[in-house]
**Student:** 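Take a look at the following structure, please.
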Number of protein chains: 2
Amino acid sequence: MWSVIVESRQKTDARQRMIVSAALLMRERGVEATSFSAVLAHSGAPRGSIYHHFPRGKAQLVEEATRFGGDFIAAGLAAALAEEDPVGAVQRFCQSWRDVLSESDFAAGCPVVAATLEGERTPAAREAAGAAFERWEELLIEAFERHGIAAARAASLATLAIAAIEGAIVVARAQRSSAPLERVMGELEQLTATALAGARP
Amino acid sequence: MWSVIVESRQKTDARQRMIVSAALLMRERGVEATSFSAVLAHSGAPRGSIYHHFPRGKAQLVEEATRFGGDFIAAGLAAALAEEDPVGAVQRFCQSWRDVLSESDFAAGCPVVAATLEGERTPAAREAAGAAFERWEELLIEAFERHGIAAARAASLATLAIAAIEGAIVVARAQRSSAPLERVMGELEQLTATALAGARP
DNA sequence: GTCTATACGAAGATAGAC
DNA sequence: GTCTATCTTCGTATAGAC
């Protein structure tokens, strides 16, 4: 999933490369520890163009990186939901996160979570994070409702899924093990399958 | 729950006050943005004694703050489990987090999560975070098993609960709303009640 | 658009007096 | 134990040449 980002780095301009690099670094070290120097080194962008592309400085870069990360993850989730039923799509979504964890040796997490936690100083980034979470939930809610689950239940089920997955990613990183995410996957599979079955008796 | 911490600040020595302050600041701004200056201002501790109390510097302070936060939260969870059945205890645990969010106007979250996300540079703090999550899960697992839930299910249920609550706290902060946590509470109540009922037919 | 140079502040850490 | 002073490094941001 994230490998697409890395490949696309060569094709786009410096501005876009900086945004992608910022998102990739944020998910590993957090917002505060993601310096311009690191973003420049990672993206290969020239030093002199930082404030040309991002007049509002780091706040703007972080905000756009958060939005980019949120959109990118939403696209992956939407694709999964387009190809499978909600039960399978949630499982696939979890698997892509498990890949992120194992491929990075548990160094990488979710950039949107990073923006939330350190976004007290960057309100715009925090708002972007909130919007991203909402968008992911909406995608799930739509799919659940399309499969006959009532609106209120679809909403709480969607929130639980997003929250549990994001939380499991954090726990997995702390423990350097995929086990937490896999246990959550199992519970979510059961829960979504039961809800779907109950919706069409 | 956390108000106890604030009250106890007057009674203990400078070292302990610094640890508590660090945990309180970490849960709001993250590890990286929690400077010694901020910890000193918040705790009222004298500047000259930093490296007397914490020879390994900030890494040591963050590590001890993470351990303190983890132990404190574990104590609250254990108390809830001692007084109620697991269903009610999980609900009460969530409520205490909801209080943290509303009392801080969604500025405060979980210090253990903060230590995890920025703990790439401080491995010891990350290990402390992993141990904290594991401890919370163990408390839940014990309680679930005591109520007749099989070991494997108890484990995945415990992981889901911790992950979902921690994730919901993050989403709630991003959206500046308690609604995500409340929806997760509802789902967890249903889920734990069903599991408990199924264990003793 | 991109460069170099630099201003300016704040961070963590250390040394030595009291 | 605590103080003051200082070192070093690194951060964001700006200015002005090309």
Side-chain angles (χ1 to χ4, degrees), chain A residues 9-26 28-66 111 114-115 117-126, chain B residues 9-26 28-66 111 114-115 117-126:
Chain A
R9 288 206 306 109
Q10 306 302 331
K11 305 170 199 164
T12 48
D13 64 332
R15 189 178 196 279
Q16 187 62 19
R17 286 208 318 271
M18 287 179 72
I19 292 174
V20 175
S21 289
L24 289 170
L25 293 171
M26 276 164 53
E28 289 188 6
R29 12 178 134 169
V31 173
E32 207 73 23
T34 298
S35 65
F36 274 129
S37 317
V39 171
L40 293 176
H42 187 274
S43 64
R47 247 223 132 62
S49 58
I50 295 180
Y51 288 87
H52 171 72
H53 291 307
F54 305 96
R56 291 202 340 271
K58 186 171 176 178
Q60 184 175 0
L61 175 59
V62 170
E63 179 187 342
E64 300 207 30
T66 305
L117 259 75
E118 298 173 270
E120 202 65 28
R121 301 168 146 198
T122 353
R126 191 159 98 151
Chain B
R9 289 207 304 112
Q10 305 302 329
K11 305 171 199 164
T12 46
D13 63 331
R15 187 178 197 280
Q16 187 62 21
R17 287 208 317 273
M18 288 179 71
I19 292 174
V20 175
S21 289
L24 288 170
L25 293 172
M26 276 163 54
E28 290 189 5
R29 10 178 135 171
V31 173
E32 207 72 24
T34 297
S35 65
F36 274 129
S37 316
V39 171
L40 293 176
H42 188 274
S43 64
R47 202 168 241 304
S49 59
I50 294 180
Y51 288 88
H52 171 71
H53 292 308
F54 305 96
R56 290 204 335 273
K58 186 171 177 179
Q60 183 176 1
L61 175 59
V62 169
E63 179 187 344
E64 300 206 31
T66 304
L117 259 74
E118 297 173 271
E120 203 63 30
R121 301 168 147 200
T122 357
R126 191 160 99 151

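Chain letters run A, B, ... following the sequence lines, proteins first, then strands; residues in each count from 1. Small disclaimer: the values here were computed from a predicted structure and weren't measured. Basis for what follows: all heavy atoms, side chains included, without hydrogens, waters or symmetry-related copies.
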**Student:** With distance as the sole test, does S49(A) use its side chain to make a donor-acceptor pair with the main-chain N or O of H52(A) at under 3.5 Å?
**Tutor:**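 No: the side chain of S49(A) does not pair with the backbone of H52(A).
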**Student:** P46(B) has a side chain; which of dG12(C), dT2(D), dC3(C) sits nearest to it?
**Tutor:** dT2(D)
**Student:** Nearest to the side chain of Y51(B) - dA11(C), dT14(C), dT2(D)?
**Tutor:** dT14(C)
**Student:** I50(B) has an atom CD1; how far is it from atom P of dA5(D), in whole Å?
**Tutor:**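 After rounding, the reported distance stands at 16 Å.
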**Student:** In sequence, state the C-alpha distance, the side-chain angles, and the governing distance for V31(A) and T66(A), and then conclude on side-chain contact (heavy atoms from CB on, under 4.5 Å).
**Tutor:** CA-CA 10 Å; V31(A) 173; T66(A) 305; over 6 Å; no
**Student:** Taking the side chain of H53(A) as its heavy atoms from C-beta onward, which of dT14(C), dT12(D), dT2(C) lies nearest to it?
**Tutor:**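 Given the options dT14(C), dT12(D), dT2(C), the side chain of H53(A) is closest to dT2(C).
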**Student:** By nearest atom, which of the nucleotides dT12(D), dA13(C), dT2(D) is closest to the H52(B) side chain?
**Tutor:** dT2(D)
**Student:** If you assign each of S35(A) and G48(A) to its closest nucleotide in DNA chain D, which residue comes earlier from the 5' end?
**Tutor:** S35(A)
**Student:** Can a donor-acceptor pair be found, under 3.5 Å and without considering hydrogens, that links the side chain of E63(B) to the backbone of A124(B)?
**Tutor:**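 Looks like no, no N/O pair under 3.5 Å.
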**Student:** Rounded to whole angstrom units, what separation is found between the CG atom of D13(B) and the C1' atom of dT2(D)?
**Tutor:** 14 Å
**Student:** What is the separation between atom CZ on F54(B) and atom P on dG1(D), rounded to the nearest whole Å?
**Tutor:** 13 Å
**Student:** Starting at CG of L40(A) and ending at P of dT2(C), how long is that distance when rounded to a whole Å?
**Tutor:**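 In whole Å, dT2(C) P lies 12 Å from L40(A) CG.
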**Student:** Measure from the side chain of S49(B), starting at C-beta and using heavy atoms only, and say which of dT12(D), dG1(C), dT2(D) lies closest.
**Tutor:**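 Nearest to the side chain of S49(B) among the choices is dT2(D).
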**Student:** Roughly how far apart are E28(B) CD and T34(B) OG1, rounded to 0.5 Å?
**Tutor:** 9.0 Å
**Student:** What is the distance, rounded to the nearest whole Å, between atom CZ of R121(B) and atom P of dA11(C)?
**Tutor:** 15 Å
**Student:** Take the protein atom CZ of R56(A) and the nucleotide atom C1' of dA13(D), then report the distance between them rounded to whole Å.
**Tutor:** 15 Å
**Student:** From the list dG12(C), dC3(C), dT12(D), which nucleotide is the closest neighbour of the side chain of F36(A)?
**Tutor:** dT12(D)
**Student:** Can you tell me the distance, in whole Å, between the CZ atom of R47(B) and the C1' atom of dT14(C)?
**Tutor:**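 That distance rounds to 13 Å.
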**Student:** From CD of E32(B) over to C1' of dA11(C), roughly how many Å is that when rounded to an integer?
**Tutor:**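 Atom CD in E32(B) sits about 10 Å away from atom C1' in dA11(C).
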**Student:** Closer than 4.0 angstrom, basic N to acidic O: yes or no for R29(B) and E32(A)?
**Tutor:** no
